[in-house]
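Read through the structure below, which is laid out as structure tokens, and then see the notes.
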Number of protein chains: 2
Amino acid sequence: MKTNSLIVEIDGIDKEILRDLMEDARKPILQIANKIGISGAAIHQRLRKLEQSGVISGSKFTVNHKILGYNTMAFVGIYLDKAARNPEAVRDLKKIPEVLECHYTTGNWSILIKIICRDNQHLMHLLNTKIQAIEGVSRTETFISLDQQIDRQIQL
Amino acid sequence: MKTNSLIVEIDGIDKEILRDLMEDARKPILQIANKIGISGAAIHQRLRKLEQSGVISGSKFTVNHKILGYNTMAFVGIYLDKAARNPEAVRDLKKIPEVLECHYTTGNWSILIKIICRDNQHLMHLLNTKIQAIEGVSRTETFISLDQQIDRQIQL
DNA sequence: ACTGAAAGGTCTAAATG
DNA sequence: CATTTAGACCTTTCAGT
């Protein structure tokens with residue numbers, strides 16, 4: 001018996017639908033329906049349930065940074081003088097548009113962020129004038145991504 | 001004069017369209033058109049150009065890992081005994097479905113990966129039996145993301 | 001570069017198996 | 001859970017400006 005599980009279980013048909021839409025959010029529903037062998041309305045019913053249960057958290061167009069002139073991606077480990085300053089630091093990091101991800105991590109740093117910059121000079125400027133300027137930040141360690149070789153979602 | 005630029009410049013209308021679709025890939029084009037004050041056909045023309053120029057790299061449904069039972073996200077810095085072994089290591093990492101990102105980085109490590117696991121035990125198992133087993137991997141350093149506080153795309 | 005119109009696809013809801 | 005149907009709405013294309 002499964003009651004009140006926080007974990008949602010999905011069946012093979014749900015997986016097929018999601019796999020298609022995770023690859024292309026605008027893929028026609030009827031195309032998926034024909035491939036699977038059920039009606040379009042059935043797919044819609046399932047999608048509504050997946051949304052209600054929270055399995056689907058949204059859909060996004062993805063944009064190619066490099067073509068827009070953003071060539072330098074980097075990870076920055078941030079040391080805070082007191083770990084308790086985390087909420088204020090995150091609040092300030094949210095205001096920096098170049099910050100794409102921010103994680104509260106175990107290990108040496110208090111915070112690990114992923115940032116996207118036009119070039120190395122832009123990165124240096126960000127580090128020196130924005131990130132190091134945040135109250136409580138004592139030191140940072142930067143790792144530039146020379147090449148992103150894998151970029152994908154969870155596999156169903 | 002701008003000729004043969006590798007960087008594509010986009011105007012304010014393109015930005016508005018992209019901002020909407022980066023938030024919700026299935027947002028009706030006509031809704032965006034009415035908001036901006038141009039016809040749906042004009043939006044389609046612009047989207048076609050943005051696709052052709054490579055600005056739009058795709059669209060994706062995003063799935064909530066936690067609801068599917070994947071609760072542990074971690075970053076793993078990987079030391080290779082020879083940096084030249086990178087291509088084989090990446091080839092092997094691609095075969096591990098839990099690996100979401102893989103970056104060739106400057107700094108201490110040769111490779112930095114982001115992985116998603118069910119729990120800490122699953123993470124340990126992955127590290128011990130899959131990642132450490134890759135030819136050329138000498139050592140790893142793991143940083144568990146206790147909380148992802150920012151997750152977004154580049155801002156236009 | 002944008003528009004309007006036409007044709008076809010998508011989505012929802014209600015009734016049914 | 002799946003299906004069908006029907007109407008409303010959305011997408012896409014194309015000739016025209």
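A note on names: the letters A, B, ... follow the listed sequences, proteins ahead of strands, and every chain is numbered from 1.
- The only member of B:Ile67, B:Asn64, B:Val63 that meets side chain to side chain contact (heavy atoms under 4.5 Å, CB included) when paired with A:Ser57 is B:Asn64.
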Identify all pairs in which a protein N or O lies below 3.5 Å from an N or O of nucleotides 8-12 of chain C, and state each distance.
residue	atom	partner	partner atom	Å
C:dC11	OP1	B:Arg26	NH2	3.2
C:dC11	OP2	A:His44	NE2	3.1

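- With respect to the salt-bridge test (charged N to carboxylate O, under 4.0 angstrom), the residues B:Asp24 and A:Lys60 do not qualify.
- A:Gln45 is linked by a side-chain hydrogen bond (donor to acceptor under 3.5 Å, both in side chains) to nothing, counting only residues two or more places apart in sequence or in another chain.
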With the criterion being N/O to N/O and under 3.5 Å, what pairs connect the protein with nucleotides 15-17 of chain C, and how long is each?
none

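- Not counting sequence neighbours, A:Lys94 has no partner by the side-chain hydrogen bond (donor to acceptor under 3.5 Å, both in side chains) test.
- Legend: salt bridge (charged side-chain N to carboxylate O under 4.0 Å, His left out) pairs involving residues 43-59 of chain A, not counting sequence neighbours, sorted by first then second residue: A:Asp11-A:Arg46, A:Asp14-A:Arg46.
- Heavy-atom minimum distance, A:Leu50 versus A:Ser53: O-OG, 3.2 Å.
- Residue pairs meeting the salt bridge (charged side-chain N to carboxylate O under 4.0 Å, His left out) criterion with at least one member in residues 104-118 of chain B, sequence neighbours excluded: A:Glu101-B:Lys114, B:Glu101-B:Lys114.
- By the 4.0 Å N-to-carboxylate-O rule, B:Glu135 lies close enough to B:Arg85 to be salt-bridged with it.
- In the hydrophobic clustering, where aliphatic and aromatic side chains (Ile, Leu, Val, Met, Phe, Trp, Tyr) are joined below 4.5 Å either directly or transitively, B:Phe143 groups with A:Phe75, A:Tyr79, A:Trp109, A:Leu112, A:Phe143, B:Phe75, B:Tyr79, B:Trp109, B:Leu112.
- Two end axes, each from the C1' atoms of five base pairs, can be drawn for the helix from C:dA1-D:dT17 to C:dG17-D:dC1; they diverge by 30°, to 10 degrees.
- Pairs passing the ring-ring contact (aromatic ring centres under 6.0 Å, His included) check and including a residue from residues 32-69 of chain B, sequence neighbours excluded, do not occur.
- Residue pairs meeting the salt bridge (charged side-chain N to carboxylate O under 4.0 Å, His left out) criterion with at least one member in residues 141-156 of chain B, sequence neighbours excluded, are B:Arg139-B:Glu141.
- Of all nucleotides in DNA chain D, those with any atom nearer than 4.0 Å to a heavy atom of chain A start and finish, going 5' to 3', at D:dC1 to D:dT11.
- Among residues two or more places apart in sequence or in another chain, the salt bridge (charged side-chain N to carboxylate O under 4.0 Å, His left out) test is passed with A:Lys82 by none.
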